[in-house]
Number of protein chains: 2
Amino acid sequence: MKKSSEEILSSLASQGFRMTRLRKAIIGVFTGNGLPMSAEELMDILRAGNTAFNRTTVYREIGFLKARGVINEIQFLHERVKRYELASLEHHHHLVCLRCKRVEDIVLENDLADQERSILDSKGFHVTNHMLEFHGICRGCNR
Amino acid sequence: MKKSSEEILSSLASQGFRMTRLRKAIIGVFTGNGLPMSAEELMDILRAGNTAFNRTTVYREIGFLKARGVINEIQFLHERVKRYELASLEHHHHLVCLRCKRVEDIVLENDLADQERSILDSKGFHVTNHMLEFHGICRGCNR
DNA sequence: CTAGTTGCAAACATTTTGCCACTAG
DNA sequence: CTAGTGGCAAAATGTTTGCAACTAG
């Protein structure tokens with residue numbers, strides 16, 4: 001399910017979108033870095049790789065990739081910035097360490113299947129998606 | 001566990017904080033309305049009740065109540081505004097209907113106990129808190 | 001009387017828009 | 001050549017701060 005930079009680019013190209021320097025750079029950053037990134041962090045990384053682009057342009061490309069389902073938007077509690085990660089990653093959630101602030105991914109055995117069934121039973125609400133964020137102390141900080 | 005307007009106010013008073021018109025009005029709105037409210041919605045309700053206050057003041061009171069643990073901040077995915085709800089409500093999550101946008105509360109049987117245990121086992125990450133949001137179609141919209 | 005509270009104006013952080021120039025295919 | 005892309009300046013949105021005036025207890 002996880003896609004490479006090339007797969008994403010050629011899929012976009014086949015839809016008539018261009019393979020520009022910015023697009024290549026941004027997709028490269030996302031495919032090379034699993035964790036949810038903010039626009040600012042993304043720009044820092046681009047800058048560090050000598051592929052600096054205008055703020056507006058970066059936001060626009062993020063919007064483009066979001067609209068095409070290449071990346072997903074995440075919003076952590078108590079953070080003001082939006083974050084983005086590759087949509088083709090396996091379905092997972094995030095563990096946010098309150099001490100070191102680092103984020104890890106977690107894949108749950110059978111996710112929230114039981115909970116979603118009970119929600120349908122008790123409320124008649126048909127869940128199509130969920131978002132879950134755990135806060136706590138990571139192994140490193142616990143020592 | 002759910003506290004009344006009076007309990008909250010007198011608890012604040014006992015800590016030396018004043019019982020002002022704004023404070024009474026805002027706490028009244030929160031205790032009378034279970035669902036997560038944005039600052040803007042709160043101001044609308046105040047205005048409708050002839051207790052209009054300056055935007056800054058309302059934000060400041062929200063900050064005050066948050067700092068004292070009276071209300072909690074929530075941030076729904078894809079919403080730009082922060083929302084707030086009484087902290088003394090039973091631990092619950094939210095069902096957000098994608099069609100009518102309404103929010104319902106849901107209390108889960110034994111919440112995410114299994115998942116949190118498995119996270120501790122597999123990652124050594126000690127979960128202290130979590131936030132979970134379900135998206136889907138509510139009973140009303142499903143007909 | 002005085003710490004706590006309020007309002008105004010202005011600042012702030014993040015993201016979005018309008019408009020026009022540019023370029024990949 | 002032309003739809004798609006890029007950059008600049010400015011707007012929009014939601015929230016916060018500085019500061020001086022006001023008020024509950």
Answer yes or no: does a side-chain N or O of A:Asn54 lie under 4.0 Å from OP1 or OP2 of D:dG6?
no
Give the nucleotide from the list D:dG25, D:dT5, C:dT6 with an atom nearest to the side chain of B:Met19.
D:dG25
Rounded distance in Å - NZ (A:Lys24) to P (D:dG6)
11 Å
Which residue lies toward the 5' end of DNA chain C, B:Arg55 or A:Thr56, if each is placed at its nearest nucleotide?
B:Arg55
Identify which nucleotide among D:dT16, D:dT5, C:dG4 has an atom closest to any side-chain atom of B:Lys82, counting heavy atoms from C-beta outward.
D:dT16
Given atom CZ of A:Arg68 and atom C1' of D:dG4, what is their separation to the nearest angstrom?
11 Å
Is any N or O donor-acceptor pair between the side chain of A:Arg60 and the base of D:dG7 shorter than 3.5 Å?
yes
Base, sugar-phosphate or nothing for A:Thr20? Non-hydrogen atoms, less than 4.0 Å.
sugar-phosphate
Measure from CG on B:Leu42 to P on D:dT15 and round the result to the nearest Å.
12 Å
Cationic tip of B:Arg23 within the cone over B:Phe64's six-membered ring, i.e. under 6.0 Å and within 45° of the normal?
yes
Please figure out whether A:Tyr59 or B:Gln15 has its closest DNA chain C nucleotide nearer the 5' end.
B:Gln15
Using side-chain contact (heavy atoms from CB on, under 4.5 Å), reason through A:Leu98 and A:Val96 one step at a time and then give a plain yes or no.
CA-CA 6 Å; A:Leu98 298 171; A:Val96 183; 5.6 Å; no
Tightest non-hydrogen contact, residues B:Asn142 and A:His126, listed as ND2-CB, 3.7 Å
Whole angstrom value for the distance that separates C1' of D:dA11 from CZ of B:Arg80:
12 Å
CZ of B:Arg23 versus C1' of C:dG4: gap in Å, rounded?
8 Å
In this structure, how many angstroms lie between the P atom of C:dT2 and the CZ atom of B:Arg18, rounded?
13 Å
Would you confirm whether the ring centroid of A:His91 sits within less than 6.0 angstrom of the ring centroid of A:His130?
yes
On DNA chain D, does the nearest nucleotide to B:Phe17 precede the nearest nucleotide to B:Val81 from the 5' side, or the other way round? Give the residue.
B:Val81
Distance in angstrom units between A:Gln75 CD and D:dT15 P, rounded:
11 Å
With ring centroids as reference points, do B:Phe134 and B:His94 lie under 6.0 angstrom apart?
no
Using the closest heavy atom to pick a nucleotide of DNA chain D for each, name whichever of A:Phe53 or A:Gly16 lands nearer the 5' end.
A:Gly16
Atom-pair distance (CD1 on A:Ile62; P on D:dG6), nearest Å:
13 Å
